[in-house]
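Given the structure is predicted, the values throughout are model-derived calculations rather than measurements.
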Amino acid sequence: MSLESLRTIVGSITVAGDASPRVELTPAAAELIDRLWSAHGPLMFHQSGGCCDGSSPMCYPAGEFVTGEADMLLGELVLDEDRSVPFWMSAEQFALWRHTYLSVDVVPGRGSGFSLEAPEGVRFLIRSRLMGA
């Protein structure tokens, strides 16, 4: 990814019946993902809405968080021709958020110790808006 031309990265359409993507990375989040990829290799996101991580998206090394039938792939965030980051959400959480479009951003502060950005002094944050808005 060329950091000189930071841009919003929009996920692919992966939910059956959708006409537009459901998830994107802000330029600040894309820059952080680029740094995390350099340090940790391929990455993935999971959004559970559980008690430990609240509503923060969690970033893991690819495959470290095991997904299954209880999860939905909301999109592949393509960084460049060789790198993409899948964004997963629990199906239960998706049932509550099915009418929203998600933007992964990054803000100063301490997030969960389980997510890769925690030692950076920042945390990923979801900004949402209604689909079609």
*Asks:* Measuring from Phe87:CZ to His46:NE2, what's the distance to the nearest 0.5 Å?
*Replies:*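 One finds 9.0 Å between CZ of Phe87 and NE2 of His46.
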*Asks:* Which heavy atom of Met131 sits nearest to which heavy atom of Thr100, and what is that distance?
*Replies:*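 Closest heavy-atom pair between Met131 and Thr100: SD-O, 3.4 Å.
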*Asks:* If you group Ile, Leu, Val, Met, Phe, Trp and Tyr by side-chain heavy-atom gaps below 4.5 Å, do Val15 and Ile13 land in one group?
*Replies:*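 No, it is not one cluster - the side chains of Val15 and Ile13 are not joined through contacts under 4.5 Å.
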*Asks:* When rounded to the nearest 0.5 angstrom, what is the spacing between CG in Asp18 and OH in Tyr101?
*Replies:*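 One finds 11.0 Å between CG of Asp18 and OH of Tyr101.
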*Asks:* Of all the heavy-atom pairs spanning Val78 and Arg7, show the shortest one and how long it is.
*Replies:*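 Here Val78 and Arg7 meet closest at O-NH2, 4.2 Å.
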*Asks:* To the nearest 0.5 angstrom, please state how far the CG atom of Leu74 sits from the CZ atom of Arg98.
*Replies:*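 Answer for the CG-CZ pair, Leu74 versus Arg98, is 13.5 Å.
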*Asks:* Please give me the minimum heavy-atom distance between Asp71 and Ser90, naming the atom from each residue.
*Replies:*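 What the structure gives for the nearest pair is OD1-CA, 3.6 Å.
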*Asks:* If every non-hydrogen atom of Val104 is compared with every non-hydrogen atom of Pro57, which pair is closest and at what distance?
*Replies:*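 Closest approach of Val104 to Pro57, heavy atoms only: CG1-CG, 4.2 Å.
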*Asks:* When you compare the side chains of Ser115 and Glu117, does any donor N or O come within less than 3.5 Å of an acceptor on the partner?
*Replies:*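 Result is yes, a qualifying pair exists.
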*Asks:* Hey, does Trp97 have a side-chain heavy atom less than 4.5 Å from the side chain of Ile126?
*Replies:*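 In contact.
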*Asks:* Is there a side chain to side chain contact (heavy atoms under 4.5 Å, CB included) between Val85 and Leu79 once you walk through the steps?
*Replies:* CA-CA 8 Å; Val85 179; Leu79 304 175; 3.9 Å; yes
*Asks:* For residues Ala30 and Ile9, report the shortest heavy-atom separation together with the two atoms involved.
*Replies:*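 Scanning both residues completely, I find the closest heavy atoms to be CB-CD1, 3.7 Å.
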*Asks:* Leu32 and side-chain contact (heavy atoms from CB on, under 4.5 Å): which partner among Val122, Thr26, Leu25?
*Replies:*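 When side-chain contact (heavy atoms from CB on, under 4.5 Å) is applied between Leu32 and each of Val122, Thr26, Leu25, only Val122 qualifies.
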*Asks:* In Å, rounded to the nearest 0.5 Å, how long is the span from CE of Met89 to CG of Leu73?
*Replies:*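 Going from the CE atom of Met89 to the CG atom of Leu73 covers 11.5 Å.
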*Asks:* Arg22 versus Leu102: any side-chain heavy-atom pair under 4.5 Å?
*Replies:*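 No; the side chains remain at least 4.5 Å from each other.
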*Asks:* Atom SG in Cys59, atom CD in Glu64: separation rounded to 0.5 Å?
*Replies:*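 Cys59 SG to Glu64 CD: 10.0 Å, rounded to 0.5 Å.
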*Asks:* Considering non-hydrogen atoms only, spot the tightest contact between Ser84 and Glu76 and give its length.
*Replies:*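 Residues Ser84 and Glu76, closest heavy atoms: OG-OE1, 3.1 Å.
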*Asks:* From Leu36 CG over to Glu120 CD, what is the distance, rounded to the nearest 0.5 angstrom?
*Replies:*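 Going from CG on Leu36 over to CD on Glu120, the span is 5.5 Å.
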*Asks:* Taking the side chain as C-beta and beyond, is there a heavy-atom pair between Ser56 and Leu125 under 4.5 Å?
*Replies:*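 Side chain of Ser56 against side chain of Leu125, heavy atoms only: no contact under 4.5 Å found.
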*Asks:* For Val106 and Glu31, what are the C-alpha separation, side-chain angles and deciding distance, and is it a side chain to side chain contact (heavy atoms under 4.5 Å, CB included)?
*Replies:* CA-CA 10 Å; Val106 63; Glu31 182 178 11; over 6 Å; no
*Asks:* Can you tell me how the ring of Phe65 sits relative to the ring of Tyr60, calling it parallel under 30°, perpendicular over 60° and tilted otherwise?
*Replies:*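 Judged by the thresholds at 30° and 60°, the geometry between Phe65 and Tyr60 is parallel.
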